[in-house]
Amino acid sequence: MARKVRTSSEFRDALLKHLTYTMGKDPEHAQFFDWRMALSHAIRDRMVDHWVDSTRKTYEQDGKRVYYLSMEFLIGRLLEDGIVNLEMVEEVEDALDHFGMDMRTILNDEPDAALGNGGLGRLAACFLDSLSTIGCPAMGYGIRYENGLFKQSFVDGRQVESPETWLQEPHPWEFERPEVRFTLGFGGDVIYENGKTLWRPAELIQAEAFDTPIIGWKGKWANTLRLWAGRAVDPFDLGLFNAGDFAAAAEHEALARTISRVLYPEDSNEAGKELRLKQEFFFSAASIRDILRRFDSQHDDIRLLPKKVAIQLNDTHPAIAGPELLRILHDERGLSFEDALEIVHGCMNYTNHTLLPEALERWDERLFGRLLPRHLQIIDRIDDAHFKAHPQRTLSARSDGQVKMGELSFIVANRVNGVSALHTDLMKQTVFKELHALHPDRIVNETNGVTPRRWLHNCNPGLSRLITDTIGDGWVDDLEQLEKLEPSIRDKVWIERFEGVKAANKQALVSYVAQTHGVKLNPAAMFDIQIKRMHEYKRQHLNILEAIAHWQEIKDNPNGDWTPRVKIFAGKAAQGYHFAKDIIRLINDVAKLVNADHATRDYLQVIFLPNYNVTLAERLIPAADLSEQISTAGKEASGTGNMKFALNGALTVGTLDGANVEIRERVGDDNFFLFGMLADEVMQRRMMHDHAQQAIAADPRLARALNALRDGTFSPEDPGRYTHIADNLTWSDYFLVCSDFTDYWRAQREVDAAYRNPDKWAEMAALNVARSGWFSSDRTIRGYMCDIWGAESLLA
Ligand SMILES: *Cc1c(COP(=O)(O)O)cnc(C)c1O
């Protein structure tokens, strides 16, 4: 107790000092923003002590370092993470209390760092947290986008995008490193000189580093996230300026900055791709130089590189790092091509995230060759070397006028991993079938996970407290300890507390939605939530069609014994993905009609919350009763949203897709609502040319729901608005919404029945919590360390 009082006043002084000297304010006039900045700086100071220690230890031990290259890091807020990981919650509350401030209010002032689209970027962020918690010496490399993923709002139910401006306010977590700069090039020529091949790029640009410390659980270790920003080599042309051409004088600078200006939305296969390829090379090449510089500072023999360096490519976006490292070793450092390739192969590993053919990266070889002429030659030589070793091969990194980043990554990598058991199997059978036959040991599986600090301990304090009261706090960095909860689940008092936590979380969400959107949700209803990027394969339209059919059935019999539901949606659609945007509008139109319907609104409410991001996910997931994970089987590589929900005591209605398969295996068939075709049945069914018409003919409910789309029920002022959705589902339906509808309906009625037995439901939900410990990203990272990187923890 004595210690707490002392440190608390110490921290109070630190806070006041930053308010005064960093923000230049006195407490009388400080705004929330000033307090948040002062608090962030005071917390950052504490992080830095650990950070410096970890860095020193890493250099001393000279162990293997892990480099995680990712185009996206969907981090969210950082202040609460820092406070909790440093075990400073009480100190901070006390200090703020002294100045009459409330911690929650200050935490809620922080904008999300939205440097990612969805699952892939969020995985990278969870991995950073786990790498630091485990004490694995590692660094994340990415791009410091000035504008992250766009902000979403609705006008007449339609998605409207506006720029995300997280850097408009100063970002307290980063350290600018003007001394860490690399000059990179594009275009130009390849020249041959004294028997050497050299690339002479035409356009030069600099990459400047910005570092953010990533602190692990209990502050035992801190790694670095290093993001690159584009800078002009020669920022300002004084000659042009003096000649009076001010615009041209600044043009060079502006061009250099565009490279780190915006995050590309996924699923946008539009023009403007050149910038995307430039971004990929920009951050990959800067990272490779940084890795080599650090290696060279400690070692003389480049052949040791694979012993000291493991590079993980998060999807193919950084795949050009392989040829770039090869180019430096061969062209610039004079190693033979074969030796250089062997070193590169020893360092590089590749995580595949998708089997969707349209999402596998391919570049037109003319565009590629124009920007990266030497790399195109190197890719040909990689293909040649591979062919020499395996003359029977049929796939290559460059063919049909395209550079294929998936094949390139596979051929270069030491290990290739999928992100769930099913996905890894399908990868072996489909996209990489031939390459897998040549390299049967290369593919491994590392099922995704989520960090239990953010996705249970911090976002669900009520449940966290109950768990800690029951089994101690060892679960926070050893999540499989949750299984020790199982005996308590049969205890009536315990399960009542568990139900109380869920009820309180739902009530908190009800208040939030009432305040922010003016909609009153029924807290006694089942909270049925689907939140994720909008995509046809994720099938938000299956969900809303079922809701329409359900609403129609309730209307037929308004005095029936219905189980009340609140259907909650959130998710962004890529700007150019019109079908997905129309589904958003449809859900909003359905919500408008259904929520106003006096005959049904006690039983069914629908709401689409705008601007889905990490912070909104942290609000919604603890309040969920039902988690919708309904993708077409074979299409979702893993999913991580599914794990967050199960861990927070929601039951899943889902297909056997991605990690749903493993979630169901672990939580038990009885505690998971399964429906739908299996991945191989999907492939079979799709061969049937009239699969959708047959499904519609066999299910009058489905036919009636589709008719409501056609007859303008949801858009009386514009009756044709949703005809094309109905037509798409009737005549094409690639994602088999119709074929899975009937079984989905059945599963949802089972869900209704189960929810009417609250004791049974709570028991099932609690079993989901107790049995989801395996889905910690700590477990995933330990898997990578052991199977892929050969890296070790530096914590005793
Ligand atoms: C977890 C998460 C995702 C991934 O969700 P899936 O359901 O696995 O697609 C996407 N966005 C945010 C903000 C997340 O937190």
Side-chain angles (χ1 to χ4, degrees), residues 70 72-78 81 111-130 148-152 164 166 263 265-267 314-315 353-354 356 359 419-420 422-423 447-456 458-460 528-540 542-543 568-574 580 609-624 626-632 635-648 650 652-655 657-663 772 775-777 780:
S70 179
E72 303 186 6
F73 287 92
L74 188 50
I75 300 178
R77 291 173 173 167
L78 285 173
D81 235 36
D112 269 43
L115 308 186
N117 276 287
L120 176 146
R122 185 53 234 173
L123 183 76
C126 283
F127 280 4
L128 291 179
D129 182 278
S130 286
L149 186 60
F150 65 86
K151 273 196 192 135
Q152 177 197 54
E164 192 278 348
W166 70 301
L263 167 75
E266 60 188 6
D267 315 315
N314 192 25
D315 213 319
H353 282 275
T354 180
L356 300 182
V419 290
S420 73
L422 176 67
H423 165 68
T447 299
N448 283 169
V450 298
T451 166
R453 272 72 64 188
R454 183 177 293 263
W455 294 112
L456 176 52
N458 298 358
C459 74
N460 197 341
D528 165 351
I529 305 189
Q530 186 173 22
I531 48 175
K532 46 184 78 241
R533 284 302 291 253
M534 298 299 295
H535 203 294
E536 285 163 276
Y537 86 79
K538 292 181 183 276
R539 298 200 295 191
Q540 283 92 353
L542 174 58
N543 189 347
I568 302 172
F569 293 84
K572 294 175 184 175
L609 295 172
N611 204 35
Y612 181 51
N613 60 16
V614 171
T615 297
L616 186 58
E618 289 168 13
R619 274 185 206 284
L620 290 171
I621 290 167
L626 187 68
S627 157
E628 298 269 354
Q629 307 298 338
I630 60 177
S631 52
T632 313
K635 293 295 176 191
E636 186 73 87
S638 162
T640 48
N642 47 5
M643 302 168 186
K644 300 168 195 164
F645 278 101
L647 194 56
N648 282 276
T652 306
V653 58
T655 48
D657 198 16
N660 291 356
V661 178
E662 288 151 274
I663 291 176
S772 290
F775 297 98
S776 166
S777 48
T780 313

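Note that ligands are numbered from 1 as they come in the structure, with each ligand's atoms numbered from 1 the same way.
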Using a 4.0 Å cut-off to any heavy atom of [X], which atoms of ligand 1 qualify?
X	value
K644	1 (C), 2 (C), 3 (C), 14 (C), 15 (O)
G118	10 (C), 11 (N)
T640	1 (C), 4 (C), 8 (O)
G639	8 (O)
V614	13 (C)
G119	3 (C), 4 (C), 10 (C)
W455	15 (O)

- Query: With respect to atom 9 (O) of ligand 1, which of E618, Q629, R533, K538 exhibits the smallest heavy-atom separation?
  - Reply: K538

Spacing of [X] atom [atom1] and [Y] atom [atom2] [to the nearest 0.5 Å]:
X	Y	atom1	atom2	result
W455	E618	CH2	CD	5.0 Å
L609	L620	CG	CG	6.0 Å
K644	I621	NZ	CD1	5.0 Å
S631	R539	OG	CZ	7.0 Å

Distance-only criterion, 3.5 Å: show the donor-acceptor pairs between side-chain atoms of residues 120-129 and protein atoms not counting sequence neighbours.
residue, atom, partner, partner atom, Å
R122, NH1, L74, O, 3.1
R122, NH1, I75, O, 3.2
D129, OD1, T451, OG1, 2.8
D129, OD1, R453, NE, 3.1
D129, OD1, R453, NH2, 2.8

- atom 5 (O) of ligand 1 - nearest protein heavy atom and its distance: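 Looking at atom 5 (O) of ligand 1, the protein heavy atom closest to it is G641 N, 3.8 Å.
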
- Query: To which protein heavy atom is atom 11 (N) of ligand 1 closest, and what is the distance rounded to 0.1 Å?
  - Reply: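 Going by distance alone, atom 11 (N) of ligand 1 is nearest to Y612 CE2, 3.5 Å.
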
- Worked verdict on Y537 versus E636 for side-chain hydrogen bond (donor to acceptor under 3.5 Å, both in side chains): CA-CA 8 Å; Y537 86 79; E636 186 73 87; 2.9 Å; yes

- Please determine which of K538, K532, Q530 meets the side-chain hydrogen bond (donor to acceptor under 3.5 Å, both in side chains) test together with Q629. K532

- Under 4.0 Å, heavy atoms only, figure out whether ligand 1 is touched by the backbone of N613, its side chain, both or neither. backbone

- Can N613 and K151 be counted as having a side-chain donor-acceptor contact under 3.5 angstrom? no

- Please indicate whether any nitrogen or oxygen in A617 is less than 3.5 Å from any nitrogen or oxygen in ligand 1. no

- Taking distance alone, with no angle check, do K532 and ligand 1 share an N/O pair under 3.5 Å? yes

- Query: How far apart are the C-alpha atoms of K635 and D657, what are their side-chain angles, what is the distance that settles it, and do they pass the salt bridge (Lys or Arg N to Asp or Glu O under 4.0 Å) test?
  - Reply: CA-CA 7 Å; K635 293 295 176 191; D657 198 16; over 6 Å; no

